[in-house]
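Below is one structure; the comments refer to it alone.
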Amino acid sequence: MDFMNKIFDLQASEPSSIYMILLALVISTLLSLVITKVYIITFTGERYTQSFVHTIIILSIIVSVVMNVVSDNAGVAFGLFAIFSLIRFRSAVTNVKDIAYIFFGLCAGMTCGLFRFDLAIILTLFACLVLYLLYKFEYGKGKDTQILKVTVPENLNYENLMHDLLAEYTLSSSLRQVETTNLGTMILYTYAIRMKNEVHDKELLDHIREKNANLKVSITYMENTDG
């Protein structure tokens with residue numbers, strides 16, 4: 001505890017000392033490791049990339065040094081931001097959650113670069129706790145969009161065949177495609193649907209099979225891009 005108090009007391013000392021800069025680098029590295037560990041634990045997509053995890057750590061370390069450079073010189077700050085505005089990532093980050101983690105790492109690095117180690121630690125621990133709890137309790141989770149394909153005999157084909165059934169078991173549905181199959185003896189309907197949370201796949205499939213003479217029915221889950 002005395003060691004931690006000494007670290008926080010050093011925040012008021014000479015800001016450009018080598019010791020303080022090294023301390024800022026070490027703490028920003030440790031905090032970024034905590035951030036990326038939480039990212040790995042709470043990741044819900046199919047696969048995260050190692051390069052993205054390393055990017056968060058590297059950005060946090062670099063920003064801690066940049067903030068130390070620009071903290072006392074507004075001219076240098078504007079010059080560096082102008083240079084950074086020319087930088088472009090070769091691969092776009094499309095997941096908003098990934099963008100949030102990048103910003104999280106940057107904020108940890110910024111506070112360390114300003115020698116606000118207490119604020120950086122509190123920010124990291126509190127935000128990581130919130131992120132983990134959101135993941136653990138699946139806060140805000142809803143049903144993903146599915147592709148429903150229903151094969152119907154030509155003699156049973158009529159307008160709004162599935163309308164009542166989809167209205168009962170889905171939050172939303174839209175007909176995307178109608179095509180003939182099996183030499184024109186069958187009609188294949190393709191819907192984009194979002195099932196209600198309490199509805200199970202088999203329950204919907206069984207009711208559809210009662211209407212389409214027990215022909216082929218399939219539900220395809222679209223690729224999960226949530227991260």
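Count residues from 1 along the sequence. When reading the values below, keep in mind they use all heavy atoms of this one structure, side chains included, and skip hydrogens, waters and symmetry mates.
- In this structure a side-chain-to-backbone donor-acceptor pair under 3.5 Å is present from Thr36 to Leu33.
- Using a 4.5 Å cut-off on side-chain heavy atoms (C-beta onward), Leu30 and Val34 make no contact.
- Side-chain atoms of Tyr221 and Asp201, non-hydrogen and from C-beta on, do get closer than 4.5 Å to each other.
- Within 6.0 Å of atom CD in Glu179, more than 12 heavy atoms from other residues, nucleotides or ligands are found, so the atom counts as buried in its surroundings.
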**Intermediate values then yes/no, side chain to side chain contact (heavy atoms under 4.5 Å, CB included), Val178 and Leu188** = CA-CA 6 Å; Val178 180; Leu188 178 61; over 6 Å; no

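- Taking 4.5 Å as the limit, every side-chain heavy atom of Thr180 sits out of range of all side-chain heavy atoms of Met186.
- Note: Leu119 CG to Met110 CE = 12.5 Å, rounded to the nearest 0.5 Å.
- The aromatic ring centroids of Phe43 and Tyr39 lie less than 6.0 Å from each other.
- Note: Ser28 OG to Met67 CE = 12.5 Å, rounded to the nearest 0.5 Å.
- In this structure, Tyr48 places its OH atom where only 12 or fewer heavy-atom neighbours from other residues, nucleotides or ligands lie under 6.0 Å away.
- Between the CG atom of Leu134 and the CG atom of Leu129 there is a distance of 9.5 Å, given to the nearest 0.5 Å.
- Contact detail for Lys211 and Met162: the closest heavy-atom pair is CB-CE, 4.2 Å.
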**Asked** Can Tyr191 and Ile147 be said to form a side chain to side chain contact (heavy atoms under 4.5 Å, CB included), step by step?
**Response** CA-CA 6 Å; Tyr191 297 88; Ile147 299 299; over 6 Å; no

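- Residue Thr55 forms a side chain to side chain contact (heavy atoms under 4.5 Å, CB included) with just one option from Val53, Ile58, Leu59, and that option is Leu59.
- When hydrophobic clusters are built by joining Ile, Leu, Val, Met, Phe, Trp and Tyr residues whose side-chain heavy atoms come closer than 4.5 Å, directly or via intermediates, Met20 is grouped together with Ile121.
- Every residue meeting the side-chain contact (heavy atoms from CB on, under 4.5 Å) condition with Val38, not counting sequence neighbours, appears here in chain and number order: Thr42, Tyr101, Cys128, Leu131.
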**Request:** Carefully, step by step, assess Leu171 and Met195 under the rule side chain to side chain contact (heavy atoms under 4.5 Å, CB included).
**Result:** CA-CA 6 Å; Leu171 296 172; Met195 284 192 294; over 6 Å; no

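- In this structure, OH in Tyr189 is found 7.5 Å from CG in Leu175, a value given to the nearest 0.5 Å.
- A pairwise comparison of heavy atoms in Lys196 and Ala167 identifies NZ-O, 4.1 Å as the closest pair.
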**Request:** Test Phe115 against Leu23 for side chain to side chain contact (heavy atoms under 4.5 Å, CB included), laying out the working first.
**Result:** CA-CA 9 Å; Phe115 303 148; Leu23 187 59; over 6 Å; no

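- For the pair Ser60 (side chain) and Ile57 (backbone), a donor-acceptor distance under 3.5 Å is absent.
- Note: the hydrophobic cluster containing Ile40 also contains Phe104 (ILVMFWY, side chain heavy atoms under 4.5 Å, direct or indirect links).
- Without hydrogens or angle criteria, Asn212 side chain to Leu215 main chain gives a donor-acceptor distance under 3.5 Å.
- The structure places CD1 of Ile27 at 11.0 Å from CG of Leu22, a figure rounded to the nearest 0.5 Å.
- Residues Ile219 and Leu204 are in side-chain contact: their nearest non-hydrogen atoms beyond the backbone lie under 4.5 Å apart.
- Looking only at side-chain heavy atoms (C-beta outward), Gln146 and Leu148 stay at 4.5 Å or farther from each other.
- Counting all heavy atoms, side chain and backbone alike, Cys112 lies closest to Leu31 at SG-CD1, 3.9 Å.
- How far CG of Leu205 is from NE2 of His200: 12.5 Å, rounded to the nearest 0.5 Å.
- Screening residues 163-173 for side-chain hydrogen bond (donor to acceptor under 3.5 Å, both in side chains), with sequence neighbours left out, gives Tyr169-His207.
- A heavy-atom distance below 4.5 Å is found between the side chains of Arg209 and Val217.
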